[in-house]
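Report on one structure; see the data block that follows.
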Amino acid sequence: MDRIEAANDVAFRIGFSGHSGHLRLEPLPPVERSDPLKSLPDFVIPPAFEPVTRESIKNYIEKEYLSPELDRDEFSPEKVGRIWDSDWFERAKVHLEPTMPRSTIVPQWELPYRRSKKGSAQGIWEPSSVEVDVSELMEGAQDCGTLPRMPSSGKDFVRGSISNRPFRPGGLDDSQSSERVLPEGALNGEWIREILEGGPAQIVPPGFKQGLDLGDLMEYPCSWKISECKNVFSESCKEKVKGLSVQFDDLFKKAWEEDTIEVTHEDDATFEAPFPDGADVLKTKVEEEVYFSEATSDTLEIKVEMDFDATSSAMDSKSFGLDQLLSTDTGGSMSKMDGASDNSQLQKDAWAVKGGSEDIADRFHDLVPDMALDFPFELDTFQKEAIYYLEKGESVFVAAHTSAGKTVVAEYAFALASKHCTRAVYTAPIKTISNQKYRDFCGKFDVGLLTGDVSLRPEASCLIMTTEILRSMLYRGADIIRDIEWVIFDEVHYVNDVERGVVWEEVIIMLPRHVNIILLSATVPNTTEFADWIGRTKQKKIRVTGTTKRPVPLEHCLFYSGQLYKVCDGEDFLPQGLKTAKDVHKKKNLSASGGASGRHLGTGPSHGSAQVWQRENATRVKLQKPSGSQNFSISQGSSGTSQNNSGSKRWEASLWLSLISKLSKNSLLPVIIFCFSKNRCDKSADNLPGTDLTSSSEKSAIRIFCDKAFSRLKGSDRNLPQVVRVQNLLRRGIGVHHAGLLPIVKEVVEMLFCRGVIKVLFSTETFAMGVNAPARTVVFDSLRKFDGKGFRQLLPGEYTQMAGRAGRRGLDKIGTVIVICRDEIPDERDLKHVIVGSATRLESQFRLTFIMILHLLRVEELKVEDMLKRSFAEFHAQKKLPEKERLLMLKLAQPTKEIECIQGEPAIEEYYEMSMEAEQHGDFIFEKVMQSSTAQQFLSPGRVVVVKSESAQGHLFGVVVKTPSASIKQYIVLALRHDLPLTQSASANDKSEEKGAGNFPQGYFIAPKSKRGFDDEYFSSASSRKGTGAINIKLPHRGSAAGVNYEVIAIEPKDFLSICNCKIKVDQVRLLEDDSSTAYSRTVQQLLDLKSGGNKFPAALDPIKDLKLKDIAVLDVYKRWNILLRKMSENKCNGCIKFQEHVLLVKEIFKHREEVNALKYQMSDEALQQMPDFQGRIDVLKEIGCIDSDLVVQMKGRVACEMNSGEELLCTECLFENQLDDLEPEEAVALMSAFVFQQKNASEPSLTPKLAKARRRLYDTAIRLGELQAYFKLQIAPDEYVQDNLKFGLMEVVYEWAKGTPFADICELTDVPEGLIVRTIVRLDEICREFRNAAAIMGNSTLYKKMETASNAIKRDIVFAASLYITGV
């Protein structure tokens, strides 16, 4: 280039260098100037430093040291989706404070008689000093931390670290913490004596050699007044209490801790304490002066005069004493609000306080004069109650319908946290709710956002996060928890979710004591029960408030044949509307009955509907065949033709057109149409190609909004088929919303719907849970859904959640809910159950996981058993423990009965134990006998047996009458019943014979008297006929014959006790079919003849000789059984005259022992429901090396604690088996996608040989882990374990994406929807970060760098586009 002249004779030349075209400056030698003026500079350089003034110094200090700020380049809105590896505290330029001391010196208190006065010049006692940990003196130290711990490094302040200890959960051994926090001297009453009596004061501070002597303390003359009981007791109680001596320490300890004893200097002082059994409050007045005596020590005699009152006669005077009066729990007493009495009375041990006082709403502004946040509208009653309780620092459970205003409570908690300079945490079950709440709160409060892939302003006072993030912070001991005052749980009814419900229980249990809880939930029937569990777990009262009133009432209608039929108005079901719809349906079917062929052409709704479901769920049908009517409809639709499909499509389009037209005419738009299938949503929207519901101005607004929203995508991503298709639908006022959409597309649909430009939205049920966007109308495409296992009816709670989106508060007077009826009208019972039925109860989904166990094993003070005890599943069992403990104490206090043996040392207990063991062996042997084919052959009609008796004592002697058949699967046995009173009964057949004495039925004859005997007298020749096998008597059949009662019963094979070695003749036909008393008499007489020697039964068949038992285990038991029988016969108790008496006595003794042992077991940890599962998981962790034999967590266990996104054991084994070492970063991240991909069915990926080998290796590891868990008795099948935790459907997609393939191209490689692909890759970035942290623990630098490279390879373009809720549009 040409020479360029500078002002001050600096010449240079500009040139280009390299292929990249960088500019290069080349200086040139100066040239002499002819004009001297050009040698002057063009400007005067300003001074290097500004003049130093007082103001400049002040501004400099404020800017550099007092105004920490974030780096604007790093923390710009364009980089909100980025997670920084650096320490944001360093970037904030926060200067470190001096290190907090770990210990300090405090005086050690001693009782006066133990004090030593040696070592002091004046002979005055000086307390010795002792060094203690600072954390033990901090308020709530034991509740906030397990051990004295210092704040961790700045980078772990928010997320925590695996090396940190968790904070101590609230409600865990509170008694210990309170005693350790209070100084020892404060619990001793002697300090009151020293202050009042005066004397020398302590002058040397702790750690000092000398102090300042200010003289002695002044003496204050005083007297103590102790009250007398006016509610009176019996004389015996008076005599017992009269001489009791009360320790002053106990009085002041109670006053210090519970604040229930009021001591005044007035003439009349009052002592109040509630009785443990719910009696009236004992009020005593002062009548007698009690003064301090110099001669006495630290005890005080209290004289109480009491009279017996009739009203308290029911109280057990023996169990009452003054010590109980002093130790009464005052937790049941409620503090009254200022100027207003609380009308809700607490029962004993009730932690949930339901309902509030009407005075709270009436006098709200007097009770809360200085609100932390003002609202521009009048608050509802439940909102005022909740805010009042928040101001008092209490925990609250708010249950109300959707759009009732529960968020007001959360906003006020945020305002209180800002006012108190603390923090509040808002947790949500879905990431979408977190993002939306961040946008809603961002303009009102100092808000930050923490999710799996976003960390935005974590230093804010109000943090919004998912529940899983909060759980991780609690387990990892994040120091930010010290500052948290409120934790808000939104959508608490999500605790019923099978997969993620356990997270809510874990977080509630792990929260420290200083954290208050706010729970927001839809209306559920057991809010009080759930709140009671939380209160009992955290040892704090939970205020339950809310409303069942909807802000916008709902009306429910059926849509059939183009008309709407109202079936429910508010909570009132209208059967007449349903009846009208059924009448129309019936008339339509009758009119179409002549033209049945029309149905086969697709004009009938049932056939078309069946085909639509068949097409949508083709893959589901292959995996699991539905049952019931759904199966029928699928098989019916499968026989259709292409003509049927086209007819079905036309019918569906006409259905939606008629519905939308009806809604538009009645001004019922916008509408949300809930379809329970992603394909159903898309196809329903595509069936409306000619429908246009927007005006020109709305079209313009939609186009501008979409252009701004999608402008952040690069060119190829803007032209994705899904993006183009959704934009075309949106311009016509139609939207779709389901999990298969891209995140940015879903957010565009949500925002446009909230703006009111989308008139018809086809959505899955996630829209009702994750988005706060009400509509004028809600439509249900069906009342059946697929829940992952099969088709089922909607639950009332699910219906209520979705129907609650109908009705916009402030815009609509009423909300409309419509159920579409295609082929049939729902049954009244089913419809009524869904619409007005009770919502689903909150049920515990608590289950043990390996990562939970490992986190708890890291800390000795936190036991897994404590977590199990405090779960909602164990709530009722743990609630009954005090009652069981009292019952156990009563049983232990019962006097034991002694057996006085007349033959020396008692041996009846030994005899009884042998008899019980012999009975067990006998039952086992006979069970095996009954399972053998030989025994079945012996149990033929006529076989004499001994059977069990359910009602009678002992056993029953009988005979087999009939063996099992196809119609009756049991044995029919006639048994003798000596225990029943003798009754005169005759069979119906005999009564008819007596009534018609001269009318002989066919087949009967009378033989000559000389020719017949007793047994066959009046015997019918019909006995020889072949029976039909029927049983004409009603079982059990009772009667009497031969002076003995009998009973015909049906029994199972297990009810046989003995098979005797004899048979008798039975007439099955006359016994069971003819009901002949003669036959019964003959059979009973034969049984009586077999009984010899009174109550003895015939000998039983020998199991070995007769029944041919050959099983070695059975023979061993049989041998032991015979040995026990021999020992029993040799016992000296045989033949004793007191044998029966002592047997009954020893039965009582053993029964008492069993009851005591049962109570002890129920109160122990072994009785916990999931204890066997816990033992099995411990064995698995030991086997794979995560913990050692002493349950100490090893390095492998610490690595497993880092795995939150995938199955912890599988991810850990993958790392320790070095399965990623031989893979490139792209291949490693492709293999890791199997941990986070969730869709069960996907197209088979095409893999490289290297990836196929890695896949097989990981599959074998999963099978091995599944077999190991099954070996240790965990309820896991190896194949199911692999299917649930490894899904390889996106390996090819992720591999190509990591290599840089555009998103549009990778979508062609699979049938998985685009939204699920994005979700998988986002979660894949989380697991890459977890693997990187694990590599740091293992010391594997190569793996660390590989995970870092893999994470950078997948973080690009549309997959990691920032949320519109965060950055705005």
Side-chain angles (χ1 to χ4, degrees), residues 169 397-399 425-434 451-452 465-475 487-511 517-538 542 739 765-766 768-770 785 787-789 792 794-798 800-802 838-853 855-856 864 867-878 1168-1170 1173-1174 1177 1204-1205 1207-1208 1238 1275-1276 1284-1285:
F397 191 150
V398 181
V425 171
Y426 182 98
T427 68
I430 300 176
K431 181 181 174 183
T432 305
I433 301 180
S434 302
T451 59
M465 63 185 69
T466 56
T467 317
E468 282 80 2
I469 296 295
L470 180 57
R471 177 183 65 171
S472 177
M473 291 166 56
L474 289 169
Y475 278 136
V487 170
I488 305 157
F489 295 92
D490 198 5
E491 308 289 350
V492 175
H493 50 271
Y494 208 85
V495 75
N496 284 338
D497 185 76
V498 177
E499 295 296 327
R500 299 174 58 204
V502 61
V503 181
W504 272 256
E505 294 191 51
E506 286 184 75
V507 171
I508 291 172
I509 295 172
M510 290 295 296
L511 282 176
I517 301 173
I518 300 174
L519 302 111
L520 310 178
S521 170
T523 53
V524 290
N526 60 333
T527 52
T528 305
E529 178 190 9
F530 193 77
D532 193 21
W533 164 69
I534 297 176
R536 189 172 297 277
T537 302
K538 311 309 294 180
I542 307 294
E765 61 181 319
T766 54
M769 172 69 77
K785 62 173 287 188
D787 60 357
K789 298 178 181 179
R792 62 167 174 82
L794 276 182
L795 299 174
E798 296 171 339
T800 303
Q801 178 77 18
M802 289 180 273
S838 178
T840 307
R841 292 172 54 85
L842 294 178
E843 300 288 346
S844 175
Q845 303 296 334
F846 188 86
R847 68 181 189 278
L848 281 173
T849 59
F850 289 106
I851 193 169
M852 180 198 305
I853 295 173
H855 274 302
L856 296 177
V864 183
M867 180 73 80
L868 293 177
K869 289 178 184 177
R870 285 161 176 78
S871 68
F872 190 38
E874 298 285 346
F875 167 60
H876 293 289
Q878 295 297 313
L1168 298 174
Q1169 296 178 9
Q1170 301 194 38
D1173 184 63
F1174 169 59
R1177 292 181 182 272
N1204 295 305
S1205 300
E1207 209 282 330
E1208 49 271 22
Q1238 294 182 336
Q1275 300 300 320
I1276 293 176
D1284 293 340
N1285 297 292

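These numbers come from a predicted model, not from an experiment.
- Counting only heavy atoms from C-beta outward, the side chains of Gln801 and Glu491 approach each other to under 4.5 Å.
- Counting only distance, with no hydrogens or angles, the side chain of His493 and the backbone of Ala522 share a donor-acceptor pair below 3.5 Å.
- Rounding to the nearest 0.5 angstrom, the gap separating the CZ atom in Phe489 from the CD1 atom in Ile534 is 7.5 Å.
- Distance alone, capped at 3.5 Å, places no donor-acceptor pair between the Ser472 side chain and the Glu468 backbone.
- In summary, the aromatic rings of Phe846 and Phe872 are positioned with their centroids too far apart to meet the 6.0 Å limit.
- Between the side chain of Glu505 and the main chain of Gln845, a donor-acceptor pair closer than 3.5 Å is present.
- Closest heavy-atom contact between Pro429 and Ile433: CD-CD1, 4.2 Å.
- Between the side chain of Asn1285 and the main chain of Glu1207, no donor-acceptor pair closer than 3.5 Å is present.
- Side chains of Thr451 and Met465 form no contact here, defined as non-hydrogen atoms less than 4.5 Å apart.
- At distances below 3.5 Å, at least one donor-acceptor pair connects side-chain atoms of Thr427 with backbone N or O atoms of Ile488.
- Atom-to-atom distance recorded for Ile1276:CD1 and Asp1284:CG is 9.0 Å, nearest 0.5 angstrom.
- Here the CE-CZ distance, from Met510 to Arg870, works out to 11.0 Å after rounding to the nearest 0.5 Å.
- Going from atom CD1 of Ile851 over to atom OH of Tyr475 covers 8.5 Å, rounded to the nearest 0.5 Å.
- Atoms CG and CG, from Asn496 and Leu795 in turn, are 9.5 Å apart once rounded to the nearest 0.5 Å.
- Side-chain contact between Leu868 and Leu848: present, with at least one pair of heavy atoms (C-beta onward) separated by less than 4.5 Å.
- Here the closest heavy-atom approach between residue Ile542 and residue Ala531 is recorded as CG1-O, 3.6 Å.
- Taking OG1 of Thr849 as the start and CD1 of Ile853 as the end, the distance is 7.0 Å to the nearest 0.5 Å.
- Between Glu506 and Arg471, at least one side-chain nitrogen of the basic residue sits less than 4.0 Å from a carboxylate oxygen of the acidic one, meeting the salt-bridge criterion.
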Task: His876/Gln878 under side chain to side chain donor-acceptor pair (under 3.5 Å): CA gap, chis, key distance, verdict - done: CA-CA 5 Å; His876 293 289; Gln878 295 297 313; over 6 Å; no
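- Listed for the Asn526 side chain is no donor-acceptor partner under 3.5 Å among the backbone atoms of Arg841.
- Side-chain atoms of Leu511 and Ile517, non-hydrogen and from C-beta on, do get closer than 4.5 Å to each other.
- No side-chain heavy atom of Thr840 sits less than 4.5 Å from a side-chain heavy atom of Val524.
- Under the 3.5 Å distance criterion, the side-chain polar atoms of Ser844 are matched with a main-chain donor or acceptor of Ala873.
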TODO: Starting from the C-alpha separation in whole Å, work towards a yes-or-no answer on side-chain contact (heavy atoms from CB on, under 4.5 Å) for Leu519 and Phe530.
DONE: CA-CA 10 Å; Leu519 302 111; Phe530 193 77; 4.1 Å; yes
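- A donor-acceptor contact shorter than 3.5 Å is absent between the side chain of Glu874 and the backbone of Ser871.
- At least one donor-acceptor pair closer than 3.5 Å links the side chain of Arg847 to the backbone N or O of Glu499.
- Residues Tyr494 and Arg500 form a side-chain contact, since some pair of their non-hydrogen atoms from C-beta on lies under 4.5 Å apart.
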TODO: Step by step, work out the side-chain contact (heavy atoms from CB on, under 4.5 Å) result for Val507 and Leu474.
DONE: CA-CA 7 Å; Val507 171; Leu474 289 169; 3.9 Å; yes
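- Minimum heavy-atom separation, Asp490 to Trp504: O-NE1, 4.3 Å.
- Seen from the ring of Phe850, Arg1177 counts as a face-on cation partner, given the 6.0 Å and 45° thresholds.
- A donor-acceptor pair is defined here as one N or O able to donate and one able to accept, closer than 3.5 Å; such a pair exists between the side chain of Lys538 and the backbone of Ile508.
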